Undergrad: 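Can you keep this structure in mind? I'll have questions shortly.
Values in this document were obtained by computation on a predicted structure and should not be read as measured data.
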There are 2 protein chains.
Amino acid sequence: MTTAVQARTLKTRARLTEAARDVISETGYAAMRVEEVVRRAGVAKGTFFAHFRDKDALMDQLIGERINAIMDDMEQLPPPSSIPALVNALTPLMRFMTCERYVFEIILRHSGAAEKKEVGPIAMTFGRFIEILSPWMKTSHLRQDGSPGMLAEGVQAFMINAMALSFCALHNDTPLEGRLQPYLELWLLPQGKN
Amino acid sequence: MTTAVQARTLKTRARLTEAARDVISETGYAAMRVEEVVRRAGVAKGTFFAHFRDKDALMDQLIGERINAIMDDMEQLPPPSSIPALVNALTPLMRFMTCERYVFEIILRHSGAAEKKEVGPIAMTFGRFIEILSPWMKTSHLRQDGSPGMLAEGVQAFMINAMALSFCALHNDTPLEGRLQPYLELWLLPQGKN
DNA sequence: AATTTTTATTGACCGCGGTCATTTTTCAGT
DNA sequence: ACTGAAAAATGACCGCGGTCAATAAAAATT
């Protein structure tokens, strides 16, 4: 069995992603047009779709790699010792995920894959996120009556909720972090009796 | 000031929404085409966009009215006296919201309005939902260390999380309700000390 | 009843994502 | 080097959402 994929293929794909990154850095994600990308890459339109299933697949890759870069940093952090510290640790990720409404929509759309075979970059980052967060949940000052995994998933759910509200006119006066913190306190540090 | 809107306008709009409802009942939401709707309504394509800002605006209306009908029923229910009962009360809503992936995406996209002026039907239902849920949170057997509003928003966040996972190949073996319940128990009935 | 103004409708047209039969390039076997 | 098969690239074409100047219909003014 010889080289299944030609060197030319890799080069073309690299030119496409590079062109896409350029366009995005100039105009943002939402304004990216496939026709502009292929024009800059110097290839025909059909070539794009020979390399990416659709426009979303390219977005999945580009956004996924950005999320992973942010999580690389997050992974270096010591387990936050307070809720505000936790919120701080999560802020860079939330900042990027809400940098554009379109980006947030792409992320939501790709957060779960319909088929096991097509688990893309963004879907992977959701799994990775839980794995980074779970150990943090074992800290003794947080509640211990739920598995770290479930607590982490709850944090994820509240993050998505807070991010969604940031695009809402009725709530976007409060900054993102401020909206998240009280919920995480209630989730991770329940005070009262029932 | 006389009748600002002509009778003809109302008739045309009714024909359009009725045609849309027909198409959807036959083929589902995702397969609905504006061109098919105007064809059945017997009007030109441009007329559609004189009545609805875009295709999404019509979807907002049609899906919003369905959600409201379900919430009408929900409103008649007595406050659930247990978490399983709460989950049962929420199930019809979740069932509809996840009847199609496309429907769920529309709902997410319209859950918060970017401008106060353009708060649409679906965004309204999100507010209504909190208002229905909040009184339920005052039941004495649930935790009382958070405002009913915040507890209700938490329930909403976990619902969305559970619904999102139902489109995910890695998790869709468990039914919706089963996925929601343990999180609501942890959210509304915290057991341990921190 | 005729004229002007306002409101509703029309359909050709555009932008852009995505397809596919055809052509070009690359590589393996001789 | 030559040849046939496999892989990659091409660009005309399609589907469908959305626009807009032109037209028709209704209401207001004379």
Undergrad: Separation of A/F52 atom CZ from C/dT19 atom C1', in whole Å?
TA: 18 Å
Undergrad: Mind listing the residues from residues 106-114 of chain B sitting with a heavy atom below 4.0 Å of DNA chain D? Number order is fine.
TA: none
Undergrad: Once side-chain contact (heavy atoms from CB on, under 4.5 Å) is applied, do any residues pair with B/S81, and if so which ones, sequence neighbours excluded?
TA: none
Undergrad: For nucleotides 9-18 of chain C, give me one character per nucleotide, 5' to 3': B if any protein heavy atom sits under 4.0 Å from the base, S if the only such contacts are to the sugar-phosphate, - if neither.
TA: SBB----SBB
Undergrad: Quick one: salt bridge (Lys or Arg N to Asp or Glu O under 4.0 Å) partners of A/R8, sequence neighbours excluded?
TA: none
Undergrad: Test of understanding: with side-chain contact (heavy atoms from CB on, under 4.5 Å), list the residues that count as partners of B/V23, not counting sequence neighbours.
TA: B/T27, B/M32, B/E36, B/V37, B/R40
Undergrad: Which residue pairs pass the salt bridge (Lys or Arg N to Asp or Glu O under 4.0 Å) test when at least one of the two sits in residues 43-52 of chain A, sequence neighbours left out?
TA: A/E35-A/K45
Undergrad: Please list all pairs passing the salt bridge (Lys or Arg N to Asp or Glu O under 4.0 Å) test where one or both residues lie in residues 172-192 of chain B, with sequence neighbours left out.
TA: B/R95-B/E177
Undergrad: Pairs in or reaching into residues 82-94 of chain B: which pass salt bridge (Lys or Arg N to Asp or Glu O under 4.0 Å), with residues at least two apart or in two chains?
TA: none
Undergrad: With B/D54, which residues qualify under salt bridge (Lys or Arg N to Asp or Glu O under 4.0 Å), at least two apart?
TA: none
Undergrad: For B/R143 and B/W187, indicate whether the former's side chain and the latter's backbone hold a donor-acceptor pair under 3.5 Å.
TA: yes
